[in-house]
Amino acid sequence: MAIRTIVKLGDESLRKECRREEKFGLRLALLLKDMAETMYKAEGVGLAAPQVGILRRVVVIDAGEGLFELVNPEIIERDGEQTGREGCLSLPGRQAIVTRPRKVKVRAQDRKGEFFEFEAEGLFARAVCHELDHLDGQLYIDVMDRELTPEEIEGHVPEDDCE
Ligand code: NI
């Protein structure tokens, strides 16, 4: 296991379309393990492979419901809307208000290539949308409603009551 370096805004890896993962072997297992360890150490709720410089459709998420390892994930259903805070480990010290679906249904493969589906709501749904955007080179700053000031990041904003 190893902590990987999280690339920051300006690194071209963050703006690339990632390729599907086709090989479900030891290399993928190690990547997933490293990504989870890196995410937990950075106290994030999600991490996408391009954030560690790997241009593959691989994501880890733990929004309080346990670790989800998603390979080649796709959102197959979206429902409702939520507006709230969002940040990104590749944009440290920044936050924005972003509107996302309230609920999503996801189809993905696990580390062995087996397909599975699950539903996510609230923060988990937000994390899914955010991380899957990374796989297409999209960042929250591309879709945000507004960026928070440093004072707002520390304090309360009206959108905190919206979720
Ligand atoms: Ni991010």
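Note that ligands are numbered from 1 as they come in the structure, with each ligand's atoms numbered from 1 the same way.
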Self-check item: Shared hydrophobic cluster for L28 and L67 (ILVMFWY, side-chain gaps under 4.5 Å)
Solution: yes
Return all side-chain donor-acceptor pairs below 3.5 angstrom for residues 73-80, not counting sequence neighbours, or 'none' if the list is empty.
none

Quiz item: Looking at CG of D133 and CZ of R100, how far apart are the two atoms once the value is rounded to the nearest 0.5 Å?
Solution: 5.0 Å
Quiz item: Quick one: do the E81 and T99 side chains pair a donor with an acceptor below 3.5 Å?
Solution: no
Exercise. With rounding to the nearest 0.5 Å, note down the distance linking CZ in R107 to CZ in F118.
Key: 12.5 Å
Quiz prompt | Residue and atom, protein N/O/S, under 2.8 Å of the Ni ion (ligand 1) | solution = C88 SG, H130 NE2, H134 NE2
Self-check item: From CA spacing to verdict: salt bridge (charged side-chain N to carboxylate O under 4.0 Å, His left out), R57, E131
Solution: CA-CA 10 Å; R57 305 188 79 82; E131 299 311 329; over 6 Å; no
